[in-house]
Amino acid sequence: MNKQEQLTRLIKQKALAVGYAACGITDTSPFTGYLDAIEQRIQRYPEAAHLYEQIRGNGHPKKLADWAQSIIVCVSRYGHYQLPMGLDRYFGKYYLVDGRLPYTREYRAFESFQSFFEDLGCRVMVPNLTVRWAAVRAGLGQFGKNNFLYTSDGSWVMGKVWLVDTVLEYDAPQNMPLCPEHCTRCIDACPTGALEQPFMMNY
């Protein structure tokens with residue numbers, strides 16, 4: 001096992017040890033699929049173009065950090081949490097467990113993992129990067145037609161990404177299609193009509 005393989009294994013072991021459900025690694029090339037999707041939505045929904053323009057840069061890792069060599073993606077589950085009744089009327093479940101508060105398990109996992117890179121001597125950055133597209137390219141899951149990321153734990157997951165200045169072993173995306181070809185159940189059930197067609201969401 002060479003040094004890259006050893007470091008890659010060590011990073012993935014650490015991710016699981018601090019509490020993440022899975023960890024994948026990919027390169028820092030542009031997310032062309034993401035950028036194409038942004039352009040398609042701008043063309044289809046010109047009234048929301050200013051919103052999409054604001055996040056176009058999230059598809060260019062090297063523009064965020066020209067020194068970056070690898071993208072590390074971790075996902076954690078939040079579907080197993082039992083939340084107080086009634087809160088779902090006011091807040092999405094994701095936002096109740098997204099780890100911004102220092103006493104949460106998710107916050108501690110994030111802090112511990114970040115410190116781990118610094119202890120290794122890696123230059124590290126937490127970027128404004130397209131997390132779901134990074135997770136897909138790192139082999140952690142696939143998109144459903146509803147634009148959600150689906151992993152082996154389902155879609156009730158959230159991701160974190162780090163840019164590091166070290167070349168690592170990269171994971172391959174999953175190739176098997178997730179949704180049946182003619183299925184439109186998520187589109188038919190969308191309460192606001194924002195999901196107008198597969199993989200197309202109107203802001």
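Evaluation of the salt bridge (Lys or Arg N to Asp or Glu O under 4.0 Å) test over residues 50-69, restricted to residues two or more places apart or in two chains, returns Glu39-Arg56, Glu53-Arg56. Annotation: salt bridge (Lys or Arg N to Asp or Glu O under 4.0 Å) contacts involving residues 165-181, sequence neighbours excluded, comprise Lys12-Asp171. Under the side chain to side chain donor-acceptor pair (under 3.5 Å) criterion, the residue pairs touching residues 108-134 are Gln114-Trp162, with sequence neighbours excluded. Judged as a salt bridge (Lys or Arg N to Asp or Glu O under 4.0 Å), not a single pair has a partner in residues 183-192 (not counting sequence neighbours).
You'll find the ring centres of Phe113 and Phe117 inside the 6.0 Å limit.
Without hydrogens or angle criteria, Thr184 side chain to Ile187 main chain gives no donor-acceptor distance under 3.5 Å. Between the Lys145 side chain and the Cys183 main chain, a donor and an acceptor come within less than 3.5 Å of each other.
Taking 4.5 Å as the limit, some side-chain heavy atom of Leu129 sits within range of a side-chain heavy atom of Pro61. Using a 4.5 Å heavy-atom cutoff, the side chains of Phe116 and Leu10 are in contact. Tyr45 is listed as a side-chain neighbour of Met200, based on a closest heavy-atom distance under 4.5 Å. Pro127 is listed as a side-chain neighbour of Val161, based on a closest heavy-atom distance under 4.5 Å. Between Pro102 and Thr104 there is no side-chain heavy-atom pair separated by less than 4.5 Å. Contact check for Phe199 versus Asn146: no side-chain heavy atoms found under the 4.5 Å cut-off. Contact annotation: the side chain of His60 approaches that of Leu35 to within less than 4.5 Å [non-hydrogen atoms, C-beta and beyond].
In the hydrophobic clustering, Leu178 connects to Phe148, Tyr150, either directly or through intervening members, whenever side-chain heavy atoms lie under 4.5 Å apart. Applying the under-4.5 Å side-chain rule to Ile, Leu, Val, Met, Phe, Trp and Tyr, the cluster around Leu16 consists of that residue alone.
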Mind running side-chain contact (heavy atoms from CB on, under 4.5 Å) on Ser29 and Arg137 for me, showing each step along the way? CA-CA 11 Å; Ser29 59; Arg137 198 164 79 186; 3.3 Å; yes

Step by step, would you call Leu195 with Asn147 a side-chain contact (heavy atoms from CB on, under 4.5 Å)? CA-CA 9 Å; Leu195 185 60; Asn147 298 294; 3.7 Å; yes

Kindly determine whether Asp153 and Arg77 satisfy side-chain contact (heavy atoms from CB on, under 4.5 Å), including the steps that lead there. CA-CA 7 Å; Asp153 291 313; Arg77 296 176 57 222; 3.2 Å; yes

Please step through side-chain contact (heavy atoms from CB on, under 4.5 Å) for the pair Cys23 and Ile72, ending with a clear verdict. CA-CA 7 Å; Cys23 176; Ile72 298 169; 3.8 Å; yes

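For the atom pair CG (Asp36) and CZ (Arg41), the distance works out to 12.0 Å, reported to the nearest 0.5 Å.
Counting heavy atoms of neighbouring residues, nucleotides and ligands inside a 6.0 Å radius, atom CZ of Arg44 exceeds 12 of them.
Met125 and Leu168 sit in two unconnected hydrophobic clusters of ILVMFWY residues. Membership requires side-chain heavy atoms under 4.5 Å apart, directly or through other members. Val73 and Phe31 fall within a single hydrophobic cluster, where Ile, Leu, Val, Met, Phe, Trp and Tyr side chains are chained together by heavy-atom contacts under 4.5 Å. Leu64 is not connected to Val167 by any chain of hydrophobic side-chain contacts under 4.5 Å among Ile, Leu, Val, Met, Phe, Trp and Tyr, and they are in different clusters. In the hydrophobic cluster analysis, where Ile, Leu, Val, Met, Phe, Trp and Tyr join through side-chain heavy atoms closer than 4.5 angstrom, Leu7 is grouped together with Tyr20. Under a hydrophobic-cluster definition in which Ile, Leu, Val, Met, Phe, Trp and Tyr are linked whenever side-chain heavy atoms come within less than 4.5 Å, directly or via other members, Ile71 and Leu149 are assigned to the same cluster.
Between Ala68 and Leu163 the shortest heavy-atom distance is CB-CB, 3.9 Å. Of all heavy-atom pairs between Cys74 and Ala15, the closest is SG-CB, 3.8 Å. In this structure, Val124 and Trp67 approach most closely via the heavy-atom pair C-CH2, 3.9 Å.
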